[in-house]
Amino acid sequence: MNINKHYLELEDSYLFSTIAKKVNEYAQKNPSADIIRLGIGDVTLPLAPIVVEAIKKAADEMGKQETFKGYGPEQGYAFLREAIQKYYLRKNVSVEADEIFISDGAKSDLGNILDIFSLDNTVLVPDPVYPVYVDTNIMAGRKIIYADANDSNGFLPLPDDKIKCDIIYICSPNNPTGAVYTKDGLKKWVDYALKNDSVILFDAAYECFIKSEDLPNSIYEIEGAKKCAIEFCSLSKTAGFTGTRCGYTVVPKELVKQNAVLNKFWVRRQTTKFNGVPYIVQKAAEAVFSEEGQKQIKKNIQYYSENAKIISDTMDKLNIWYTGGKHSPYIWLKCPNNMTSWEFFDFLLEKAAIVGTPGSGFGKNGEGYFRLTSFGNKERTIEAMERFTKLINK
Ligand code: PLP
């Protein structure tokens with residue numbers, strides 16, 4: 001018996017546990033402190049009414065003999081795949097319903113997709129990054145190289161022809177930096193992937209925050225992308241499904257590598273190792289894509305976007321360099337006075353009772369940066385920014 005030794009190579013993630021520990025210690029020492037949390041990556045607004053109605057109706061169906069459902073199709077029910085297909089069409093992207101796979105969220109699929117790729121592929125991951133891309137590849141034992149994201153490229157690294165890689169992760173709008181690729185930027189990656197026979201894993205979990213027609217919501221807005229890219233999306237941030245769990249992955253049939261149609265590989269992988277998302281959840285997701293559902297979820301997205309604007313306006317006023325905010329729920333700021341990420345974390349907590357996330361927790365290039373999120377309450381965000389302004393102006 002041999003264990004998978006690659007698990008021993010994983011670095012313990014101390015980021016959120018250290019934050020929790022520091023905040024607890026602070027709260028114990030300052031019991032009357034009114035702590036505002038701008039560190040959370042989870043949503044706070046409840047599900048839209050139309051989604052709740054759909055869940056209740058689906059639950060009733062499950063309780064009646066005539067409408068009860070057992071195992072569903074592993075790839076998702078046609079009603080949801082077709083609803084998502086229409087959602088893509090509104091963005092002028094045409095994908096076939098059987099290129100769309102329903103899952104319990106983007107995180108699972110981002111990890112599971114690696115099943116269809118060889119272990120000897122080299123993986124390119126931006127730094128700083130959503131840690132799942134790194135850890136899933138370490139677990140499998142793949143070689144990882146990093147693309148530096150920093151203030152000189154606006155945290156949007158572009159391909160380097162001298163560096164060869166097989167699997168490329170791109171997240172736009174980005175977590176943690178909130179930076180968004182333009183079509184030109186994404187085209188450079190698509191061209192690189194086509195030229196080097198690489199596959200792009202495009203994480204569009206935050207696409208609903210994009211407010212400009214000129215910025216791409218999907219990598220398939222770029223010509224040639226269907227030949228080199230798989231796209232992951234989620235209802236977590238779009239419609240508050242972090243606890244309800246539903247996402248989708250697009251594997252185009254045009255994506256053919258070494259004569260293998262990767263869509264077929266993914267069908268085989270899912271039908272072998274996955275038994276589908278609950279009918280009730282798929283009905284809830286279908287409601288999100290209805291006309292009324294889109295109206296209702298946009299209200300929530302708008303609410304978070306207003307919080308993001310409150311934060312980014314404050315950074316503008318204080319002349320603090322940042323990315324994100326406009327097309328993203330994240331604001332990624334340069335720590336004032338050359339503080340390190342953790343120094344700024346302590347400073348903000350101790351002097352203003354505000355909690356954010358130290359950028360260094362997302363990779364070495366995150367050192368000296370800090371992430372604030374807009375998923376909180378509006379009044380509390382305003383209060384936090386008043387305290388922030390007073391503190392920096394002191
Ligand atoms: N991708 C990115 C970049 C994320 O930040 C997150 C969640 O925070 C996910 C994927 C995971 O989404 P899901 O809840 O659908 O698993």
Side-chain angles (χ1 to χ4, degrees), residues 16 19-20 22-24 26-27 29-49 155 173-180 206 208-212 236-240 242 295-337 339 341-359 361 369-394:
F16 290 101
I19 293 173
K22 279 178 180 264
V23 175
N24 276 342
Y26 173 80
K29 270 195 233 149
N30 305 278
S32 60
D34 176 23
I35 299 172
I36 305 182
R37 292 165 202 275
L38 296 184
I40 44 162
D42 198 354
V43 293
T44 53
L45 293 173
L47 293 173
F155 284 90
N174 189 273
N175 177 15
T177 71
V180 190
Y206 297 93
C208 65
F209 287 90
I210 292 178
K211 286 164 202 74
S212 162
S236 283
K237 310 299 155 82
T238 308
T242 50
K295 260 194 226 154
Q296 292 185 8
I297 61 151
K298 277 191 182 127
K299 256 199 213 158
N300 290 3
I301 295 166
Q302 181 62 23
Y303 182 90
Y304 297 135
S305 296
E306 280 167 21
N307 286 347
K309 184 156 177 2
I310 291 162
I311 300 172
S312 47
D313 282 353
T314 306
M315 300 307 130
D316 284 335
K317 275 192 206 133
L318 294 170
N319 256 326
I320 292 177
W321 192 95
Y322 68 95
T323 54
K326 195 160 185 192
H327 306 286
S328 156
Y330 299 121
I331 289 90
W332 177 255
L333 58 112
K334 184 151 177 49
C335 301
N337 301 325
M339 275 188 250
S341 300
W342 278 110
E343 279 168 358
F344 188 61
F345 175 90
D346 290 338
F347 178 70
L348 212 51
L349 178 62
E350 279 158 26
K351 308 276 186 218
I354 298 169
V355 182
T357 314
Y369 290 87
F370 203 74
R371 192 189 76 173
L372 294 176
T373 79
S374 65
F375 286 124
N377 167 278
K378 184 171 180 184
E379 284 67 40
R380 301 291 281 161
T381 305
I382 293 172
E383 160 80 21
M385 287 304 102
E386 282 168 4
R387 290 190 206 169
F388 192 103
T389 305
K390 262 195 210 152
L391 181 65
I392 301 297
N393 280 339
K394 244 187 194 169

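Within the 4.5 Å cutoff, side-chain heavy atoms of T44 are placed close to those of Y304. The side-chain heavy atoms of R371 and N175, taken from C-beta on, include a pair separated by under 4.5 Å. Within the 4.5 Å cutoff, the side chain of P176 has heavy atoms near those of the N174 side chain. Within the 4.5 Å cutoff, no side-chain heavy atoms of E383 are placed close to those of I354. Counting only heavy atoms from C-beta outward, the side chains of S236 and V43 never approach each other to under 4.5 Å. In this structure, T381 and S374 have side chains that are not in contact, with every pair of non-hydrogen atoms separated by 4.5 Å or more. Taking 4.5 Å as the limit, some side-chain heavy atom of Q296 sits within range of a side-chain heavy atom of P49.
D346 is linked by a salt bridge (Lys or Arg N to Asp or Glu O under 4.0 Å) to K22, counting only residues two or more places apart in sequence or in another chain. Remark: K351 pairs with no residue by the salt bridge (Lys or Arg N to Asp or Glu O under 4.0 Å) rule, at least two apart or across chains. Taking the ring pair (Phe, Tyr, Trp, His ring centres under 6.0 Å) definition, one finds that F209 meets it with nothing, sequence neighbours left out. A search for side-chain hydrogen bond (donor to acceptor under 3.5 Å, both in side chains) contacts involving T242 returns D42, not counting sequence neighbours. Under the rule for a ring pair (Phe, Tyr, Trp, His ring centres under 6.0 Å), Y322 has no partner lying at least two apart in sequence or in another chain. With sequence neighbours left out, K211 forms a salt bridge (Lys or Arg N to Asp or Glu O under 4.0 Å) with no residue at all.
Here the CD-CG distance, from E306 to D313, works out to 11.5 Å after rounding to the nearest 0.5 Å. Taking CG of L349 as the start and CD1 of I36 as the end, the distance is 11.5 Å to the nearest 0.5 Å. If you take CE on M315 and CD1 on I310, they are separated by 11.5 Å, rounding to the nearest 0.5 Å. L372 CG to I40 CD1: the interatomic distance, rounded to the nearest 0.5 Å, is 11.5 Å. Of the inter-residue distances, the one linking L348 atom CG with R387 atom CZ reads 10.0 Å to the nearest 0.5 angstrom. Here I392 contributes atom CD1 and F347 contributes atom CZ; the two are 5.5 Å apart, rounded to the nearest 0.5 Å.
Heavy-atom minimum distance, G356 versus I19: O-CD1, 4.0 Å. The minimum heavy-atom distance linking G325 with I331 is given by the pair CA-CG1, 3.8 Å. Taking both residues in full, the closest heavy atoms of S328 and A308 are given as O-CB, 3.8 Å, listed atom of the first, atom of the second, then distance. Contact between G359 and W332 at its shortest, heavy atoms only, is CA-CH2, 3.4 Å. Of all non-hydrogen atoms in L47 and A239, the two that sit nearest each other are CD2-O, 3.7 Å. Nearest heavy-atom pair across T314 and F388 is CG2-CD2, 4.4 Å.
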Show the numbers, then the answer: is there a side chain to side chain contact (heavy atoms under 4.5 Å, CB included) between L333 and F344?
CA-CA 11 Å; L333 58 112; F344 188 61; 3.9 Å; yes
Please assess V23 against F345 for the test side chain to side chain contact (heavy atoms under 4.5 Å, CB included), listing each intermediate value before the final yes or no.
CA-CA 10 Å; V23 175; F345 175 90; 4.2 Å; yes
May I have the step-by-step check of salt bridge (charged side-chain N to carboxylate O under 4.0 Å, His left out) for R380 and D34, ending in yes or no?
CA-CA 10 Å; R380 301 291 281 161; D34 176 23; 2.6 Å; yes
Run the numbers on T357 and Y369 for side chain to side chain contact (heavy atoms under 4.5 Å, CB included), then give the verdict.
CA-CA 9 Å; T357 314; Y369 290 87; over 6 Å; no
Check the pair L38 / F375 against side chain to side chain contact (heavy atoms under 4.5 Å, CB included), numbers first and verdict last.
CA-CA 8 Å; L38 296 184; F375 286 124; over 6 Å; no
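Panel note: side chain N307, backbone G376; a donor-acceptor pair is recorded below 3.5 Å.
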